[in-house]
2 protein chains.
Amino acid sequence: MDEMDAAMALVDKWRSQSRKGFLDLCALSLLASRDESYGLDMMEALAQAGLEVSEGTLYPLLARMTREGSLSPSWTTPETGHPRKYYRLSPTGQLVLAAMREEFDRNVAALRRIEGGTR
Amino acid sequence: MDEMDAAMALVDKWRSQSRKGFLDLCALSLLASRDESYGLDMMEALAQAGLEVSEGTLYPLLARMTREGSLSPSWTTPETGHPRKYYRLSPTGQLVLAAMREEFDRNVAALRRIEGGTR
DNA sequence: TCCAAATATCTTGCTATGCAATGCATAATA
DNA sequence: TATTATGCATTGCATAGCAAGATATTTGGA
């Protein structure tokens, strides 16, 4: 049907918008649970959890959060393999993550209230 | 402390980003549960649920969704009071809402998996 | 009657993120 | 010594949130 196509196109456009900021929360959460990780490893872990993130999305995100002071990167050259840039949460990053979680949960709770009994 | 201020500033910047798309879902959900509503009324309902949305945010959002075909607006001039533009979900809007809900829930589930046991 | 406040909607300009596409460098392998 | 795999980075575009301000109509008081 035609109606369905129109709706899908709108949702496609919406998708990338709705991930703004959300991916920050996911990246910080992942690093909080893993202690440290590097780009491609994070991509794989996120995909494993059901969240596909491309390199063109993740790397700028990591660069920005580093610039802002939430992440502390460090290069490591393993005995075998390619050099990797490992990221950890900085103290600021931990505060930021805690605040984001609070607000995200508040927003989800608000949405559930808005949905009311219609669901 | 200084660390706290830096974190708060970052979260402030993040806040408006993280609401992109999310507000679409909230507005559509609200209309689904109310059948119809107008701008200021929606602002009040959202605030009631714990979500503060300004006019400069909501009106462009409603205009866009109307342009895209998700909302059907209709002017009504009550016997007493100011003319109001009432919005309803169109058939496309109902499909869009259903798809957004699915994807939002999938993303929340993914986040919970990412957070793992660290919470 | 005329002015101020309330109700209601709309517009402009700025900033910032997601993402496809592309490029670059190094290491392992054949 | 090519070729493939691993790993990171950059550019350019489209788009939404929001502060600030504009516009229009209705109501109530001096």
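Throughout, a chain's letter reflects where its sequence line sits, starting with A, and its residues are numbered from 1.
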Within the supplied structure, the quantity of interest is the number of heavy atoms (other residues, nucleotides, ligands) at a distance under 6.0 Å from B:Glu36 CD; does it exceed 12?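 Counting other residues, nucleotides and ligands, CD of B:Glu36 exceeds 12 neighbours.
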Determine, for A:Asp24 against B:Arg15, whether the closest basic-nitrogen to carboxylate-oxygen distance falls under 4.0 angstrom.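 Salt bridge flag = no for B:Arg15 with A:Asp24.
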Between B:Arg84 and B:Asp41, does any NZ, NE, NH1 or NH2 come within less than 4.0 Å of an OD or OE carboxylate oxygen?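 Salt bridge flag = no for B:Arg84 with B:Asp41.
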For DNA chain D, the residues among residues 67-78 of chain A that have a non-hydrogen atom under 4.0 Å from it: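 Result for residues 67-78 of chain A: A:Trp75, sorted by number.
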Would you classify A:Leu23 as touching base, sugar-phosphate or nothing, given that sugar-phosphate means primed atoms plus P, OP1 and OP2, and contacts are heavy atoms under 4.0 Å?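 Sugar-phosphate contact only - A:Leu23 comes under 4.0 Å of backbone atoms but never of a base.
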Counting only non-hydrogen atoms, which of residues 8-19 of chain B are less than 4.0 Å from DNA chain C?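 When residues 8-19 of chain B is checked for heavy atoms under 4.0 Å from DNA chain C, the hits, listed by number, are B:Lys13, B:Gln17.
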Can you sort out which residues in residues 85-93 of chain B have a heavy atom within less than 4.0 Å of DNA chain C? Ascending by number, please.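 Those residues are B:Lys85, B:Tyr87.
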Name the residue closer to the 5' end of DNA chain D, choosing between A:Arg84 and A:Pro60 according to the nucleotide with the nearest heavy atom.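 Of the two residues, A:Arg84 wins.
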Taking any atom under 4.0 angstrom from a heavy atom of chain B, which nucleotides of DNA chain D are the first and last to qualify, 5' to 3'?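 In short, chain B contacts DNA chain D from D:dA16 to D:dT27.
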Validation row: [X], [Y] side chains within 4.5 angstrom (heavy atoms):
{"X": "B:Trp14", "Y": "B:Val11", "answer": "yes"}
{"X": "A:Val53", "Y": "A:Arg19", "answer": "yes"}
{"X": "A:Val96", "Y": "A:Leu89", "answer": "no"}
{"X": "B:Glu55", "Y": "B:Tyr59", "answer": "yes"}
{"X": "B:Arg101", "Y": "B:Leu25", "answer": "yes"}
{"X": "B:Asp5", "Y": "B:Met8", "answer": "no"}
{"X": "B:Tyr87", "Y": "B:Met65", "answer": "no"}

Per-nucleotide protein contact along nucleotides 21-30 of chain C, 5' to 3', at a 4.0 Å heavy-atom cut-off (B base, S sugar-phosphate only, - neither), is B---BBSS--
Filter on salt bridge (charged side-chain N to carboxylate O under 4.0 Å, His left out), then keep only pairs touching residues 70-79 of chain A, sequence neighbours left out; what's left?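 Listed once each, the pairs would be none.
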Treating B:Ser90 as the side-chain partner and B:Ser70 as the backbone partner, does any N or O pair qualify as donor plus acceptor under 3.5 Å?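 Side chain of B:Ser90 to backbone of B:Ser70: a pair is present.
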Rounded to whole angstrom units, what separation is found between the [atom1] atom of [X] and the [atom2] atom of [N]?
{"X": "B:Lys20", "N": "C:dA16", "atom1": "NZ", "atom2": "C1'", "value": "6 Å"}
{"X": "B:Asp41", "N": "C:dA8", "atom1": "CG", "atom2": "P", "value": "9 Å"}
{"X": "A:Phe22", "N": "C:dC19", "atom1": "CZ", "atom2": "P", "value": "12 Å"}
{"X": "B:Arg64", "N": "C:dC10", "atom1": "CZ", "atom2": "P", "value": "15 Å"}
{"X": "A:Leu62", "N": "C:dC19", "atom1": "CG", "atom2": "P", "value": "14 Å"}

Under 4.0 Å between a side-chain N or O of B:Tyr59 and OP1 or OP2 of C:dA8?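 It does not, given that no N or O in the side chain of B:Tyr59 lies less than 4.0 Å from OP1 or OP2 of C:dA8.
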Do you know which two heavy atoms are closest between B:Tyr38 and B:Lys85, and how far apart they sit?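 For B:Tyr38 and B:Lys85, the tightest heavy-atom pair comes out as CB-O, 3.2 Å.
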Of all the heavy-atom pairs spanning A:Ser29 and B:Leu111, show the shortest one and how long it is.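 Heavy-atom minimum between the residues: OG-CD1, 3.9 Å.
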